[in-house]
Amino acid sequence: MAVLTEEQSLLRDAARTWTQEKSSVSAFRNMRDAALPLGYDPATFAEMAAMGWCGVIIPEEYGGSGFGYLGLGLILEETGRTLTASPLLATALAAASALVLGGSEAQKRRWLPGIATGDLVATLAVDEGAHHAPRKVALAAGRNGEGWRLDGAKAFVLEGMAAEVFVVSARTSGQSGDEGGITLFLVAADAQGLIRQSLKLADSRGAANLAFEGVEVGPDAMLGEVDAGWPLLDQILDRARAGLAAEMLGTAVQAFETTLDYLKVRVQFGQVIGAFQALQHRAAAMFTDLELARSCVEAALIAIDESSPDTAELVSLAKAKMGETLHRVSNEMVQMHGGIGMTDAHDAGLYLKRARAAETAFGGQAFHRDRYARLQGY
Amino acid sequence: MAVLTEEQSLLRDAARTWTQEKSSVSAFRNMRDAALPLGYDPATFAEMAAMGWCGVIIPEEYGGSGFGYLGLGLILEETGRTLTASPLLATALAAASALVLGGSEAQKRRWLPGIATGDLVATLAVDEGAHHAPRKVALAAGRNGEGWRLDGAKAFVLEGMAAEVFVVSARTSGQSGDEGGITLFLVAADAQGLIRQSLKLADSRGAANLAFEGVEVGPDAMLGEVDAGWPLLDQILDRARAGLAAEMLGTAVQAFETTLDYLKVRVQFGQVIGAFQALQHRAAAMFTDLELARSCVEAALIAIDESSPDTAELVSLAKAKMGETLHRVSNEMVQMHGGIGMTDAHDAGLYLKRARAAETAFGGQAFHRDRYARLQGY
Amino acid sequence: MPDHPAADPEAFRAEARAWLAANFPASLKGRGGVMMAEGGLPSEPDIRAWTRAMADKGWGVPTWPRAYGGGGLAPAQAKVLQQEMSAAGAWSPIGGMGVMMLGPTLLEYGAEAQKQRHIPPIARGEARWCQGFSEPGAGSDLASLQTRCEDAGDHWLVNGQKIWTSGAQWADWCFCLVRTDQARKHEGISFLLIDMRSGGVETRPIRLISGNSPFCETFFTDVKVPKDNLVGPLGGGWTIAKRLLQHERGGLAGAGRGGLTAEPVSDLAKGYLDLDDAGRIADSDLRARIAGHEMDLMAFQLTAARSMRESRSNSGPSAATSIMKNAGARVAQDRAELTLEIMGNQGLGWEGEGFTRDELAAVRGWLGGKAFSIYGGSAEVQDSIIAKRILGLPDPLGQSR
Amino acid sequence: MPDHPAADPEAFRAEARAWLAANFPASLKGRGGVMMAEGGLPSEPDIRAWTRAMADKGWGVPTWPRAYGGGGLAPAQAKVLQQEMSAAGAWSPIGGMGVMMLGPTLLEYGAEAQKQRHIPPIARGEARWCQGFSEPGAGSDLASLQTRCEDAGDHWLVNGQKIWTSGAQWADWCFCLVRTDQARKHEGISFLLIDMRSGGVETRPIRLISGNSPFCETFFTDVKVPKDNLVGPLGGGWTIAKRLLQHERGGLAGAGRGGLTAEPVSDLAKGYLDLDDAGRIADSDLRARIAGHEMDLMAFQLTAARSMRESRSNSGPSAATSIMKNAGARVAQDRAELTLEIMGNQGLGWEGEGFTRDELAAVRGWLGGKAFSIYGGSAEVQDSIIAKRILGLPDPLGQSR
């Protein structure tokens with residue numbers, strides 16, 4: 001655990017208390033079984049917003065608290081423990097980062113206060129194919145009088161059915177795959193020609209595919225500079241990745257602790273299975289991995305808060321190591337629980353499904369190992 | 001174990017008896033400590049030759065027995081068990097294959113009988129850099145009257161100090177890296193302008209770097225067709241790789257069995273360490289890997305004997321899986337022996353050093369995984 | 001008359017080919033997978049006709065004795081039959097736990113009357129069997145089971161609960177391990193056949209993480225079972241069960257190979273991933289792992305084939321089945337994980353629009369396949385068996401498995 | 001006068017910088033590695049002068065009390081000193097097992113006379129210590145040691161054999177675990193200081209697979225040891241040893257980090273491997289594994305730094321040192337294996353021509369590094385410690401480690 005300020009400790013303690021009491025894994029299960037259309041319970045999200053969690057990275061002048069990314073990461077770690085489903089990551093971290101980093105004064109004033117109170121849900125619409133590949137932007141934005149006209153598609157937009165506004169990467173010049181020629185736009189969900197398709201995912205959270213059929217936006221919809229959106233997009237994505245890694249840390253830690261508890265009570269061959277040395281050594285290896293992954297996640301969040309020049313590589317490190325660790329821990333959770341872990345009535349399956357969805361989002365292990373190597377110049 | 005013919009069973013039994021009695025690991029250790037200049041004991045090799053082992057893949061009309069590659073593989077597995085150092089692989093498998101596959105009638109008559117009796121040691125001189133890369137041939141062969149003139153270098157030639165004749169890959173056209181333009185030559189070790197540098201290796205076997213400074217050879221030195229040596233070279237190498245994999249199988253099986261014996265006698269915390277479940281499961285995993293690797297090695301040897309169209313991929317499979325398995329088993333041999341395995345007086349270090357040398361020769365795991373994927377078209 | 005008098009398998013080839021040409025309906029070619037659907041037997045007329053033809057011939061269980069409805073073929077002939085069926089696109093409509101597990105066990109341990117009563121319906125594909133071994137408190141530690149079987153004079157009285165009884169909701173019969181002696185652990189277990197239509201039998205399907213329910217909880221409440229449904233001696237059930245589990249493991253080891261007919265993951269990858277100019281998968285990290293997996297799969301298949309060749313002279317499955325069970329489970333699970341990774345976001349769907357049928361099936365298969373290393377003796381139990389029985393290492397805990 | 005009265009570390013920075021400028025010989029800049037050579041102390045005049053200066057100042061052991069020759073600095077000041085030394089290219093000439101292990105242990109458990117006798121020579125780099133813990137029959141099971149220590153009235157009489165006594169052939173003193181009670185296992189162990197020049201002490205260097213001999217077998221035959229060389233109570237050696245091993249593990253965990261100053265393997269790879277047009281390592285399989293390793297290394301370094309921050313308020317090394325020991329060993333061993341693989345054939349040399357000095361050193365380092373997961377408590381022992389002490393899992397064998 002990082003050495004925390006008093007504010008950070010208070011945030012974390014509040015988040016821990018609230019998730020344990022109000023948003024346990026069974027709350028998530030109930031949400032899933034009720035098949036809520038957005039993939040989360042709006043009343044639950046309203047409680048989170050009421051605690052100020054939607055404004056943690058938003059400066060005070062726009063309605064936030066400016067506590068920074070480590071602060072928000074501490075909350076996400078706690079919500080990740082109990083698999084809490086909410087648009088916190090999509091709106092209060094990813095979309096808010098887009099506006100904080102790239103928004104004009106007018107854009108900030110227009111959108112950030114709503115995000116900070118939780119009244120407005122925003123999200124990123126970046127990928128177009130089955131794999132995270134943020135340079136592969138084909139969705140075209142052409143000049144349309146003073147404004148722009150967008151044609152194309154976005155895939156697998158987190159909280160895509162809940163969002164009222166999208167941060168959309170579009171191509172204003174160049175070819176799909178080029179870094180140059182990418183421009184970001186803010187597009188309202190109710191814009192004419194924007195069609196959403198809801199996706200039903202294994203992890204039961206909300207996502208959508210979007211089709212843009214001649215969607216017209218004004219000049220004030222552009223975020224940042226024309227054709228030069230790539231560095232901004234890359235920075236926004238790194239914030240989303242670091243926050244997601246923090247959520248995954250909580251998920252992995254809880255999956256491990258639940259498994260450890262089971263090892264201490266399940267009796268086979270006349271003793272608790274936690275007394276079997278082969279399982280002990282696997283548990284020790286997982287614990288070691290979790291400690292190493294935690295260091296990476298915290299370092300990435302701190303690097304963002306300190307605008308450190310090695311932020312990008314620390315974020316890829318965190319997402320990749322956290323992905324590896326969660327992958328292993330979630331598989332071991334099922335294996336070590338044996339048959340009971342295979343049943344839908346047990347939580348292991350919920351953790352396993354969440355694990356793969358989180359690993360995949362914003363780039364999996366292979367993506368981030370490759371990115372790390374490129375950033376190191378090999 | 002493959003289902004064997006009577007001849008094959010006899011070969012294997014003879015090899016097992018001889019290696020256990022005449023060529024144990026301590027014989028290898030004595031050879032190493034004596035720092036014999038060739039990296040093997042010629043008297044030992046003469047005994048092997050006297051049993052007919054140098055002629056196993058050579059047709060009867062050239063002095064061999066024509067028992068095939070599975071037969072020779074069975075012998076190599078046994079010699080691999082005790083780390084027997086000899087030029088059997090280099091001369092009786094690799095160089096003999098070159099002549100059997102690519103030699104003219106005259107070349108076969110000239111060279112194969114000597115190889116079959118063990119009187120002549122031959123070897124391949126293929127690689128030029130630190131890594132196995134048989135297309136990367138820069139050693140130049142230019143027309144020189146009726147014959148050829150060779151200029152360049154070869155690196156890490158197995159048994160390079162012992163060999164009297166080399167099978168040399170040379171470039172007659174094209175660029176280093178091209179498959180076209182490679183031609184094979186037979187070059188005598190005492191040719192004018194051929195300079196050898198002896199290498200002292202961690203595994204204590206014999207190897208040399210060669211420099212070719214205007215080495216002149218006659219027209220009868222060319223093996224196969226001009227510029228079209230690549231398919232022939234690739235086939236020769238696959239035979240060397242499969243034979244080496246068989247030797248590695250024996251090395252790995254013995255490393256495992258020696259370790260297993262130790263697990264049954266070494267007492268710690270009041271019981272033999274083989275009673276510790278964590279070690280048991282690691283031993284079970286190694287045993288499983290060994291069984292899987294054995295299937296691959298035998299399949300590759302049989303494919304060669306049957307001229308099967310999938311020989312190349314089965315050989316890469318065998319070399320890669322065997323490399324992985326030997327890597328793991330040799331590391332576990334040291335680790336499970338603890339401190340005693342770290343001492344030079346124990347055999348573990350000998351197996352570990354042999355393991356890495358064998359993994360590297362004729363392409364390591366990365367080389368063969370890549371080759372396998374290419375052969376499958378991805 | 002002895003079974004399989006003509007030992008020349010090639011002489012048999014023409015007979016098999018002709019019979020298949022005459023009896024296998026062209027409409028069913030390559031549709032073997034249809035039998036794996038959940039629930040009852042298919043009702044298509046062609047399937048029923050084909051099942052009847054195979055049942056009459058005994059070729060659903062080709063090496064079982066003719067006396068009990070088997071085909072009476074020699075192993076070499078059975079291999080020829082398999083080759084000819086494969087060449088014709090034909091498949092056996094007769095399978096399940098009766099064929100895979102109970103039949104071989106009854107042939108070995110059953111009384112003559114039991115064989116005559118139970119084997120023919122299995123051979124004809126008319127009786128569906130389920131396995132009542134596992135209990136909630138006894139996972140890998142099977143011998144700690146608690147379902148009680150009391151001697152009630154003219155019948156047995158059974159009370160208890162089983163779990164992971166696959167297909168119990170559709171089964172006619174259950175082969176069960178029951179406790180006939182509380183005082184002794186392994187020697188207190190007996191092997192009993194229970195008619196699932198008996199009073200007091202209740203089944204509840206278990207919903208799995210994959211969303212499917214192939215298994216049940218099965219409750220026995222004062223179930224009366226005829227005395228002659230006991231297989232082998234009283235208290236001799238453990239020996240029979242261990243033998244039966246070897247048959248099960250042998251079957252499950254084939255699961256990894258089951259992937260054989262499916263598309264190689266490298267082909268799948270070409271559809272989902274970018275290729276470089278040379279046609280290679282551009283994500284080099286994933287490419288290396290795909291190659292590693294396909295090599296593992298090939299190694300597994302070569303080992304399965306080798307093990308079959310080597311065991312042909314033996315009487316039954318060898319201890320090496322433990323190796324194949326674990327290796328097969330690992331290959332199948334790696335394959336499922338890689339499939340999901342290759343599909344990326346498309347490999348995260350649960351149902352509905354936006355995903356192909358194959359994508360949704362991959363997700364369910366990935367989840368369902370997590371059981372490969374749990375059921376039929378967990379991976380951990382298999383490793384301990386290898387360590388003890390094959391490698392001769394001592395028991396770390398002194399218990400007598 | 002209390003140690004470190006001025007708690008402001010920045011106020012100390014100017015003092016440290018000035019002193020280093022005045023005392024650290026420019027000729028020694030960046031040559032810290034020289035001290036690691038086998039054998040005796042270096043004889044260069046500059047090194048001797050620098051050692052003397054550091055000894056007088058006490059800054060070789062900056063946080064130890066001034067009363068025993070330490071620097072008396074506060075931890076924050078010591079960190080500043082370390083930063084300034086690093087900036088100046090300076091390094092401590094005072095180290096070894098006395099500094100790393102015995103010193104902290106004596107400060108905690110030693111009698112006042114023992115501290116006064118032994119700590120100042122360690123602080124000045126004048127006494128070389130070796131560790132006599134391991135025995136041939138007691139590897140990971142340290143507590144089963146058999147070296148006997150009998151009460152002979154006015155002295156102890158020691159008989160037995162130690163192994164893995166690093167640097168015993170050059171050491172002045174040995175801190176030893178000896179058995180003072182045959183009947184009790186852990187409570188029969190005592191902690192004894194033995195002068196290596198005593199009669200009856202014999203050392204034999206052990207040649208390792210790397211070709212080096214950094215360790216010895218040490219034989220004690222009727223060695224007489226003064227009564228007041230016992231540290232702590234009779235039979236209290238096990239507690240002291242466990243504490244000392246924590247210091248050792250903390251030190252060894254740094255071994256992986258020791259790689260920090262060396263060249264990253266990715267840089268090495270660029271010299272040995274083909275690059276593609278984009279400048280990437282063309283062997284994509286190896287590239288992915290290099291990236292994986294460098295990420296593991298970074299994760300380890302970040303964790304070491306985090307652990308240091310977190311433990312600053314604590315009194316000593318925490319149980320988490322077991323994690324760092326294993327993680328550090330793994331990273332260092334992976335690094336060595338990758339280095340060899342990158343070097344290819346050039347990474348197989350033993351001596352002589354055809355290989356660079358770095359290549360030969362890589363091979364020796366690879367072999368020597370196999371010990372990282374064996375000594376100081378094997379990887380298996382560390383995993384069991386983690387399972388038991390941190391995770392609270394029960395002891396599988398009932399013994400009391």
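Numbers restart at 1 for each chain; the letters A, B, ... are given by sequence-line order, proteins then strands.
Using a 4.5 Å cut-off between heavy atoms, B:Ala299 contacts chain C through its side chain alone, with no backbone atom that close. The contact between B:Tyr378 and chain C is made by backbone and side chain atoms together, counting heavy-atom distances below 4.5 Å. The part of B:Asp289 that comes within reach of chain C is its side chain, from C-beta onward, which places non-hydrogen atoms under 4.5 angstrom from that chain.
If you tally non-hydrogen atom pairs under 4.5 Å between each of B:Leu292, B:Leu314, B:Leu263 and chain C, the highest count goes to B:Leu292. If you tally non-hydrogen atom pairs under 4.5 Å between each of C:Ala379, C:Ala299, C:Gly279, C:Ala278 and chain B, the highest count goes to C:Ala299. With chain B as the partner, the residue from C:Ile290, C:Asp267, C:Leu391 showing the most heavy-atom pairs under 4.5 Å is C:Leu391.
Within residues 238-255 of chain B, no residue has a heavy atom under 4.5 Å from a heavy atom of chain C. Annotation: residues 330-338 of chain B contacts chain C through no residue [non-hydrogen atoms, separation under 4.5 Å]. Within residues 281-289 of chain C, the residues having any heavy atom under 4.5 Å from a heavy atom of chain B are, by residue number, C:Ile281, C:Arg287, C:Ala288.
Under the side-chain contact (heavy atoms from CB on, under 4.5 Å) criterion, B:Ala357 pairs with B:Asp203, D:Leu348, sequence neighbours left out.
At a threshold of 4.0 Å, the pair C:Glu84-C:Lys79 does not count as salt-bridged, since none of the basic side-chain nitrogens sits closer than that to a carboxylate oxygen. Checked for salt-bridge contact, C:Asp383 and C:Lys388 miss the test: no charged N lies under 4.0 Å from a carboxylate O. Contact check on C:Asp296 versus B:Lys321 returns a salt bridge, with a Lys/Arg side-chain nitrogen under 4.0 Å from an Asp/Glu carboxylate oxygen.
Checking side-chain atoms of B:Glu78 against main-chain N and O of B:Leu11 turns up no donor-acceptor pair under 3.5 Å. Of the possible donor and acceptor atoms, none in the side chain of C:Lys325 sits under 3.5 Å from a partner among the backbone N and O of C:Ser373. Within the 3.5 Å criterion, the main-chain N or O of B:Asp310 finds no donor-acceptor partner in the side chain of B:Glu313. Checking side-chain atoms of C:Glu294 against main-chain N and O of C:Ser266 turns up a donor-acceptor pair under 3.5 Å. Checking side-chain atoms of B:Arg171 against main-chain N and O of B:Gln175 turns up a donor-acceptor pair under 3.5 Å.
With no hydrogens or angles considered, a side-chain donor-acceptor pair links C:Ser384 and B:His281 at under 3.5 Å.
B:Glu291 contributes atom CD, which lies 13.0 Å from atom CG of C:Leu302 (distance to the nearest 0.5 angstrom). Atoms CG and OG1, on C:Asp334 and C:Thr339 in that order, are 10.5 Å from each other to the nearest 0.5 Å. Expressed to the nearest 0.5 Å, how far OG of B:Ser316 lies from CZ of B:Arg374 amounts to 11.0 Å.
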Salt bridge (charged side-chain N to carboxylate O under 4.0 Å, His left out) between B:Glu77 and B:Arg294: does it pass, once the steps are laid out? CA-CA 10 Å; B:Glu77 184 182 334; B:Arg294 173 182 292 284; 2.9 Å; yes
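Other residues, nucleotides and ligands place more than 12 heavy atoms under 6.0 Å from the CD atom of B:Glu257.
When side chains are defined from C-beta on, B:Ser176 does not count as touching B:Val137, because their heavy atoms never get closer than 4.5 Å.
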